[in-house]
Amino acid sequence: MPEGIEIELYRRTAERALERTITAVAAPDAWFLKRGLTATVLTDALTGRRFVAARRRGKLLLLDTSDGGPVLGLRFGMTGRLVVDGRQGIEELEYGSARDLAAWDRFAVEFAGGGQLRLNDPRRLGGVELDPDESRLGLDAFSIRPRDLRAVLGTSTAPLKARLMDQARIAGIGNLLCDEILWRAGLDPARPAGSLSDGERGRLLRSMRAVLTELLAAGGSHLGRLQAARERGGRCPRDGTPLERRTIGGRTTYSCPKHQR
DNA sequence: CTCGACTCCTGTTAGC
DNA sequence: TGCTAACAGGAGTCGA
């Protein structure tokens, strides 16, 4: 599903849409417009303007608009895809659909001279809003520093995994990335977040950076080493131990009971 | 403030 | 073959 890595790939795709005048807006799904936004307001806000910058904070894609216009915030939920001029941001989306039906287009803009940017989301868990409150998101996972991670974990007794997926504290890590990071770091997802030693926290940070860097280069959150074994009956790719399947932080969690402690 | 439980959405897949 | 039910998770809300 789209996590920080996928949204970063979407952001790069969105850069193709910069500095082109918006001539039309389509927002056929009112449910997809968040915080009271309507199709009329959205259309009036974007038509005639240009996107001038494509930013990302966690899983939120931010498109700045010209002439003092609002910031367009795009969320992709579990199955959302960004398509610019027919080119998809990513090749394959775990849990997504192989099909790309026009009926799943929840938001689209047309540009002068042809071409378009559209958000296609079969399961409708994404959303569109204007001037999203960026301060509600924590620091982006791609740029986190040792002292930031210490603050994120704090003295919390919540499960380590739940804390890492709390977007208000650290933004961009979803379920698959979190399992991969903790597997690589050799840390039990159920450990109280505040119980990590300095050494363990260092391992966690190195794992986070390595996983984000490598999977971004590879092109998807689902391309990690753990992923292939992330199913019922799967075995740890490192030591062959049957993986443990639990619900932690409300999400299906796979971990190795032998080397994740 | 913290944290877990619950709810929303619907395409895909496993199973009968 | 055709149907049903379980499953997936990002994000918001609510209550202890």
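Heavy atoms only: backbone and side chains are in, while hydrogens, waters and symmetry mates are out. A note on names: the letters A, B, ... follow the listed sequences, proteins ahead of strands, and every chain is numbered from 1.
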Contact under 4.0 Å: A:Arg123 side-chain N or O vs C:dG10 OP1/OP2: no

- prompt: Nearest-Å distance, CZ (A:Arg232) to P (C:dA6)?
  reply: 12 Å

query: Do any side-chain nitrogens or oxygens of A:Trp104 fall under 4.0 Å of OP1 or OP2 in B:dG11?
result: yes

query: Rounded to the nearest Å, what distance is computed from the CZ atom of residue A:Arg106 to the C1' atom of nucleotide C:dG10?
result: 16 Å

- prompt: A:Ser156 side chain N/O closer than 4.0 Å to the phosphate oxygens (OP1, OP2) of B:dC3?
  reply: yes

message: If you define the side chain from C-beta out and look only at heavy atoms, does anything of A:Phe32 sit under 4.5 Å from A:Asp121?
response: yes

query: Between B:dC9, B:dC3, B:dG4, which nucleotide has the shortest distance from any of its atoms to the side chain of A:Arg169?
result: B:dC3

message: Under 4.0 Å, counting only non-hydrogen atoms across every strand here, what does A:Thr79 touch: a base, just sugar-phosphate, or nothing?
response: nothing

- prompt: When we call it a touch if two heavy atoms are under 4.0 Å apart, what does A:Pro192 touch: a base, just sugar-phosphate, or nothing?
  reply: nothing

message: Under 4.0 Å, counting only non-hydrogen atoms across every strand here, what does A:Arg81 touch: a base, just sugar-phosphate, or nothing?
response: nothing

message: Measure CG/A:Leu153 against P/B:dC3 and give the value in whole Å, please.
response: 11 Å

field: Residue that, paired with A:Lys161, satisfies side chain to side chain donor-acceptor pair (under 3.5 Å) out of A:Asp188, A:Thr253, A:Asp166
entry: A:Thr253

message: What is the distance, to the nearest angstrom, from the CE atom on A:Met165 to the P atom on C:dA8?
response: 13 Å

- request: Test side chain to side chain contact (heavy atoms under 4.5 Å, CB included) on A:Val109 and A:Leu46 and set out the steps.
  value: CA-CA 9 Å; A:Val109 298; A:Leu46 297 180; 4.2 Å; yes

task: Determine, stepwise, if the pair A:Arg81 / A:Asn120 fulfils side-chain hydrogen bond (donor to acceptor under 3.5 Å, both in side chains).
output: CA-CA 5 Å; A:Arg81 285 175 293 210; A:Asn120 183 272; 2.7 Å; yes

- prompt: Are A:Arg225 and A:Trp183 in a cation-pi setup, meaning NZ or CZ lies under 6.0 angstrom from the ring centre and within 45 degrees of the ring axis?
  reply: no

Are there any protein N/O atoms within less than 3.5 Å of an N/O atom in nucleotides 11-14 of chain C, and if so, which ones and at what distance?
| residue | atom | partner | partner atom | Å |
| --- | --- | --- | --- | --- |
| C:dA11 | N6 | A:Arg251 | NH2 | 3.0 |

- request: Using only side-chain N and O atoms of A:Arg163, determine if any of them is under 4.0 Å from OP1 or OP2 of B:dC3.
  value: yes

message: Output the rounded distance in Å from CD1 (A:Ile170) to C1' (C:dG10).
response: 16 Å

message: More than 12 heavy atoms of other residues, nucleotides or ligands under 6.0 Å from CZ of A:Arg55: yes or no?
response: yes

- prompt: When the distance from NE2 of A:His222 to C1' of C:dA8 is rounded to whole Å, what number comes out?
  reply: 15 Å

message: Distance check needed: B:dT12 C1' versus A:Arg124 CZ, whole Å only.
response: 18 Å

message: Would you compute the distance between atom CD of A:Gln167 and atom CD1 of A:Ile173 and round it to the nearest 0.5 angstrom?
response: 8.0 Å

- prompt: Between B:dG4, C:dA8, B:dG11, which one does the side chain of A:Ala158 approach most closely?
  reply: B:dG4

- line: To the nearest angstrom, the CD-P distance between A:Glu3 and C:dA8 comes to 15 Å

